[in-house]
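Chain letters run A, B, ... following the sequence lines, proteins first, then strands; residues in each count from 1. Values below: all heavy atoms of this structure, side chains included; hydrogens, waters and symmetry mates excluded.
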Amino acid sequence: MPELPEVETVVRDLRPELVGRTFTALNVGPQTLRKPWQKTDTPKIIGSTIQHVLRRGKWIGITLSIPEVLLVHLGMTGQFTIANANATVPNHTHFVFTLSDARELRFRDVRRFGSISLLNNEAALHAFLNVQLGPEPADLILKDFQDAIRASGRTVKAILLDQTVVAGIGNIYADEALFRAGLHPERRGTKVKLAECEQLMRAIQEVIAEAIERRGSTIRDYIGGSGLRGGFQHALMVYGRTSEACVRCGTPIRMVRVGGRSSHFCPQCQKPG
DNA sequence: CTGTAATCCTGCGAGC
DNA sequence: TGCTCGCAGGATTACA
């Protein structure tokens, strides 16, 4: 999926186009997403005006002039874009929201791992997000992060993918952060030193910030809210670079499966410890 | 507490 | 050209 930097890019693209606009119509396709959309929700949102577009982790929240709130997840292949109403609607488009300026907000998702649902109110949104998610990378507190890592016997790779430890990291940025911190993906949390936790936290914060600056990584399907691709894929140092030379030492990058996910690392720069 | 595998889906590239 | 296989940015669940 789009991970934090990609979702942030979508939100930044959509926000100025959506805030203040009103939904004048909504068409929902027949195929279900991860969370089924209730038909009774459609008339609720028609006529409502968009107030805020926010991101938490990989989730998008859209608050409206009614109590209900839209909650969106892009899954693996979700695309959430603004388009002119006369532009061709691509296949796998499951939601088309018509806006008061005669443009459309479209949700396209080939693999249908994403979701759009309506929550009763903003309190329910924040309750949901706070249960599902740990802190944003930028808000990490070193002591808490160290405690979370070192209390777990899981691999650091699995810990980084755990959204309750830190929100928004996925497979790409987990691998990139571990490379920057010099940590082997299969290192156990209990075996990570305090100073290494600090390096890892900084690595996460840096790689996420840099990726946001470059509008995220377009590896396959990802596009921003304006339809533009990302550029950070060119700055990736290990992800998708199996067998290529490590940018730091020249050793071929290796790929192993950790916790069912492919993990890319430099066997020279990232020691198991 | 762990890890592993399966599940939800479609599409694409590699290899034969 | 066409087939099968494996793999893909996520998250959840069942089971060992």
Using only side-chain N and O atoms of [X], determine if any of them is under 4.0 Å from OP1 or OP2 of [N].
X      : N      : answer
A:K58  : C:dA11 : yes
A:S152 : B:dT2  : yes
A:H73  : C:dA11 : yes
A:R188 : B:dG3  : yes

When all nucleic acid strands are considered with a 4.0 Å heavy-atom cut-off, which category describes A:G260: base, sugar-phosphate, or nothing?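 Answer is nothing: A:G260 stays at 4.0 Å or more from every strand.
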Sugar-phosphate only, base, or nothing, as touched by A:E186 at under 4.0 Å among non-hydrogen atoms: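 No contact at all - A:E186 keeps every heavy atom at 4.0 Å or more from the nucleic acid.
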When you compare the side chains of A:S65 and A:S48, does any donor N or O come within less than 3.5 Å of an acceptor on the partner?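 Their side chains do not contain a donor-acceptor pair, so the 3.5 Å distance test is not met.
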Between B:dC9 (P) and A:F113 (CZ): distance, integer Å: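 A:F113 atom CZ is separated from B:dC9 atom P by 8 Å.
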Rounded to whole Å, how long is the line connecting atom CD1 of A:I159 with atom P of B:dC1?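 From A:I159 CD1 to B:dC1 P: 13 Å.
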With the threshold set at 4.0 Å, does a side-chain nitrogen-carboxylate oxygen contact exist between A:R214 and A:E210?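 Salt bridge: no.
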Measure the acute angle between the ring planes of A:F95 and A:W37, then classify it against the limits of 30° and 60° as parallel, tilted or perpendicular.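 Judged by the thresholds at 30° and 60°, the geometry between A:F95 and A:W37 is perpendicular.
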Set out, in order, the CA-CA distance, both residues' side-chain angles and the distance that settles side chain to side chain contact (heavy atoms under 4.5 Å, CB included) for A:V7 and A:I60, then state yes or no. CA-CA 8 Å; A:V7 180; A:I60 298 170; 3.5 Å; yes
Which residue lies more 5' along DNA chain C, comparing A:R111 with A:L161 via nearest heavy atoms: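 It is A:R111, whose closest nucleotide lies nearer the 5' terminus.
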